[in-house]
Amino acid sequence: MKVLVTGGAGFIGSNFVHRTLATRPDAEVTVLDLLTYAGSLSSLEGVRDRVRFVEGDVADAEVVDPLVADADVVVHFAAESHNDNSLADPSPFIRTNIVGTFTLLEAARTHDVRYHHVSTDEVYGDLELDDPKRFTEDTPYTPSSPYSASKAGSDHLVRAWVRSFGLRATISNCSNNYGPRQHVEKFIPRQITNLIDGVRPKLYGDGLNVRDWIHVDDHNDAVWTIVEKGRPGETYLIGADGEVNNRDVVRLVLELMGRDPDDYDHVTDRAGHDRRYAIEAGKLRQELGWAPRYDTFRDGLAATVEWYRENEAWWRPQKDATEAKYARTQKVLGR
Ligand code: NAD
Ligand code: TDX
């Protein structure tokens with residue numbers, strides 16, 4: 001099977017490439033990635049010679065069209081993915097997430113190629129801490145940030161291309177991922193690498209916001225399950241019943257790194273900060289037989305802490321290269 005992976009030099013996409021080559025020896029993988037601040041060829045170390053890598057923009061039809069024409073399936077991960085950045089400057093989110101998806105959909109329609117769209121639970125807005133409901137495939141879209149609104153817009157485009165043009169497409173909306181090769185701007189890698197550098201963790205607001213954590217390998221196994229067994233036109237939510245509030249995540253990271261669990265600070269909250277995400281993944285589990293392999297968040301987090309400890313050569317250059325951008329964003333956001 002010839003697989004075109006967009007965003008394959010980023011966090012989830014690179015883990016998808018590694019996992020694909022480990023579990024499907026006859027897959028032929030092409031990666032299309034613009035290598036923005038968030039993408040790095042070092043994330044493909046170990047598999048680089050087994051992958052065709054194309055540096056290019058998903059919003060550039062001239063690049064996209066021949067690559068899609070040559071694929072059996074497109075798995076679209078490429079995106080601007082960080083909420084804080086979307087508050088400081090929304091414009092790349094509109095181009096990459098909306099125009100980029102449009103460009104891929106047009107190519108997939110022209111060449112009748114199977115398309116899988118990787119999206120987020122954030123399109124459903126947020127839940128109260130005590131809400132008994134969780135998100136399902138029927139939850140209405142109410143995105144809060146420029147990032148989640150751009151992802152919601154891209155999901156709507158996919159649905160329209162299915163209905164209007166009969167595109168063979170599926171969508172997955174996943175909860176918060178953690179694991180190796182996640183950019184240091186994100187919550188968990190930020191705290192781990194800061195602690196290695198002797199900097200105390202920073203919790204936005206009261207720290208009681210809840211995220212529903214899933215290991216990146218479990219997410220990617222679910223994506224493959226949907227590509228292979230999902231019904232075209234359908235949406236599947238992906239989650240592993242991993243609800244934890246941010247304060248408890250920080251306390252666990254501190255404990256796993258041998259520090260005092262109370263050694264953290266509170267900083268200015270994120271504007272429009274979603275309170276809680278929670279996924280009900282019954283459709284994926286029952287219809288397609290997927291189940292997560294990581295039993296506990298604690299075990300997965302311990303392995304992730306270990307990965308960052310052992311792979312400073314991967315994250316240090318990234319942190320050095322993006323620290324000025326990080327500082328500018330934090331300043332704009334009043335921190
Ligand atoms: P990431 O920011 O780590 O990686 C994004 C990758 O896309 C990078 O390699 C970057 O270079 C590339 N890219 C950006 N703009 C591009 C463009 N215009 N053309 C080509 N490549 C471009 O993101 P991630 O966390 O790996 O997220 C991947 C996907 O999964 C996104 O669509 C995101 O919305 C979705 N998602 C992420 C999470 C999460 O917890 N991280 C959860 C659910 C869904
Ligand atoms: O330093 C921090 N301190 C802090 O308290 C950072 C970076 C974050 N936070 C909080 C904000 C969130 O409540 O931690 C939580 C997680 O933050 P992020 O890592 O920025 O993730 P989030 O905004 O939840 O979005 C993530 O999950 C859904 C991904 O970045 C998205 O791409 C995905 O769609």
Side-chain angles (χ1 to χ4, degrees), residues 5-16 31-41 43-44 54-60 63-64 75-87 92-93 95-97 99-101 103-104 117-123 126 143-145 147-148 150-151 154-155 172-179 181-191 194 201-214 216 219-220 223 237-239 244-247 249-250 264-270 273-277 279 318 326 329-330 333 335:
V5 181
T6 72
F11 164 45
I12 306 177
S14 65
N15 279 287
F16 182 82
V31 169
L32 171 61
D33 197 297
L34 188 57
L35 296 180
T36 67
Y37 79 95
S40 171
L41 282 176
S43 295
L44 294 172
V54 179
E55 184 174 346
D57 186 344
V58 288
D60 180 346
V63 175
V64 163
V75 185
H76 178 35
F77 292 95
E80 285 289 335
S81 69
H82 192 39
N83 274 300
D84 285 350
N85 294 341
S86 83
L87 296 168
F93 289 75
R95 177 174 164 82
T96 290
N97 300 0
V99 181
T101 298
T103 307
L104 284 159
H117 188 70
V118 177
S119 192
T120 172
D121 59 357
E122 297 193 16
V123 299
D126 63 352
S144 317
S145 72
Y147 162 68
S148 49
S150 69
K151 292 297 291 187
S154 70
D155 291 10
S172 54
N173 297 85
C174 188
S175 58
N176 283 62
N177 285 220
Y178 69 95
R181 303 182 201 92
Q182 185 168 30
H183 197 280
V184 295
E185 69 191 350
K186 302 285 170 31
F187 182 44
I188 289 175
R190 186 91 217 148
Q191 312 316 330
N194 273 359
K202 293 184 176 56
L203 276 176
Y204 295 173
D206 64 10
L208 299 182
N209 303 61
V210 170
R211 296 295 180 264
D212 189 351
W213 293 98
I214 182 172
V216 64
H219 179 186
N220 282 328
V223 168
L237 262 56
I238 305 174
V244 190
N245 75 36
N246 295 340
R247 186 190 59 193
V249 172
V250 156
Y264 58 82
D265 297 315
H266 292 273
V267 294
T268 307
D269 206 356
R270 176 182 279 171
H273 196 177
D274 282 339
R275 196 58 166 159
R276 170 176 164 239
Y277 305 136
I279 291 268
Q318 175 188 87
Y326 177 81
T329 301
Q330 295 299 311
L333 302 183
R335 285 186 203 113

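Every number for a ligand or one of its atoms is a count from 1 in the order of the listing. Residue numbers run from 1 in the order of the sequence given.
- Side-chain contact between Ser40 and Leu35 is absent, with no heavy-atom pair separated by less than 4.5 Å.
- Remark: distances from the non-hydrogen atoms of Ser175 to ligand 1 include one below 4.0 Å.
- At a heavy-atom cutoff of 4.0 Å, ligand 2 is contacted by the backbone of Glu185 but not by its side chain.
- Considering backbone and side-chain N/O of Ala78, none are found under 3.5 Å from N/O of ligand 1.
- Within the 4.0 Å heavy-atom criterion, the part of Leu35 lying near ligand 1 is the backbone and not the side chain.
- Closest to atom 41 (N) of ligand 1, if we only count protein heavy atoms, is Ile12 CD1, 3.7 Å.
- Scanning the protein for heavy atoms near atom 4 (O) of ligand 1, the closest one is Gly10 CA, 3.4 Å.
- Between His117 and His76, the ring planes are tilted. Angles from 30° to 60° get that label.
- Residue contacts with ligand 1: Thr96 is placed with a nitrogen or oxygen under 3.5 Å of a nitrogen or oxygen of the ligand (distance criterion only).
- Of the polar atoms of Cys174, none of the N or O atoms is found under 3.5 Å from an N or O of ligand 1, judged by distance alone.
- Residue-ligand proximity, Asn176 to ligand 1, at heavy-atom distances under 4.0 Å covers atoms 40 (O).
- Looking at ligand 1, you won't find any N or O of Ala59 less than 3.5 Å from one of its N or O atoms.
- At the top of the distance list for atom 35 (C) of ligand 1, counting protein heavy atoms only, stands Val118 CG1, 4.0 Å.
- Atoms of ligand 1 lying under 4.0 Å from any heavy atom of Gly56, numbered from 1 in the order shown and given with element: 19 (N), 20 (C).
- For the pair Thr36 and ligand 1, the shortest N or O to N or O distance falls below 3.5 Å.
- Here's the thing with Glu185: none of its N/O atoms is less than 3.5 angstrom from an N/O atom of ligand 1.
- For ligand 1, the polar-atom distance check finds no N/O of Leu32 at less than 3.5 Å from any of the ligand's N/O atoms.
- At the shortest separation from atom 32 (O) of ligand 1 among protein heavy atoms lies Lys151 NZ, 2.7 Å.
- Closest protein heavy atom to atom 3 (O) of ligand 1: Phe11 N, 3.1 Å.
- If you look at His266 and Tyr204, their ring centroids are not closer than 6.0 Å.
- Ring planes of Phe16 and Phe77: tilted class, angle from 30 to 60°.
- Given atom 19 (N) of ligand 1, the protein heavy atom at minimum distance is Val58 N, 3.0 Å.
- Residue Asp33 has at least one N or O atom closer than 3.5 Å to an N or O atom of ligand 1.
- Seen from the ring of Phe11, Arg181 does not count as a face-on cation partner, given the 6.0 Å and 45° thresholds.
- For the pair Arg211 and Tyr178, the NZ or CZ position fails the cation-pi test of under 6.0 Å to the six-membered ring centre and within 45 degrees of the ring normal.
- By the criterion of a heavy-atom distance under 4.0 Å, the side chain of Glu122, and not its backbone, is placed next to ligand 2.
- Proximity of Val118 to Val75: side-chain heavy atoms (C-beta onward) are separated by under 4.5 Å at one or more points.
- Between Asp84 and the options Lys186, Arg335, Arg190, Lys202, a salt bridge (charged side-chain N to carboxylate O under 4.0 Å, His left out) holds for only Arg335.
- At a heavy-atom cutoff of 4.0 Å, ligand 1 is contacted by the backbone of Ser119 but not by its side chain.
- If you number the atoms of ligand 1 from 1 as listed, the ones under 4.0 Å from a heavy atom of Asp57 come out as 17 (C), 18 (N), 19 (N).
- Between the side chains of Asp155 and Ser119, a donor-acceptor pair is found at a separation under 3.5 Å.
- In terms of polar-atom proximity, His76 is not counted as a contact of ligand 1, lacking any N or O under 3.5 Å from an N or O of the ligand.
- Among protein heavy atoms, the minimum distance from atom 34 (O) of ligand 1 is reached at Tyr147 OH, 2.6 Å.
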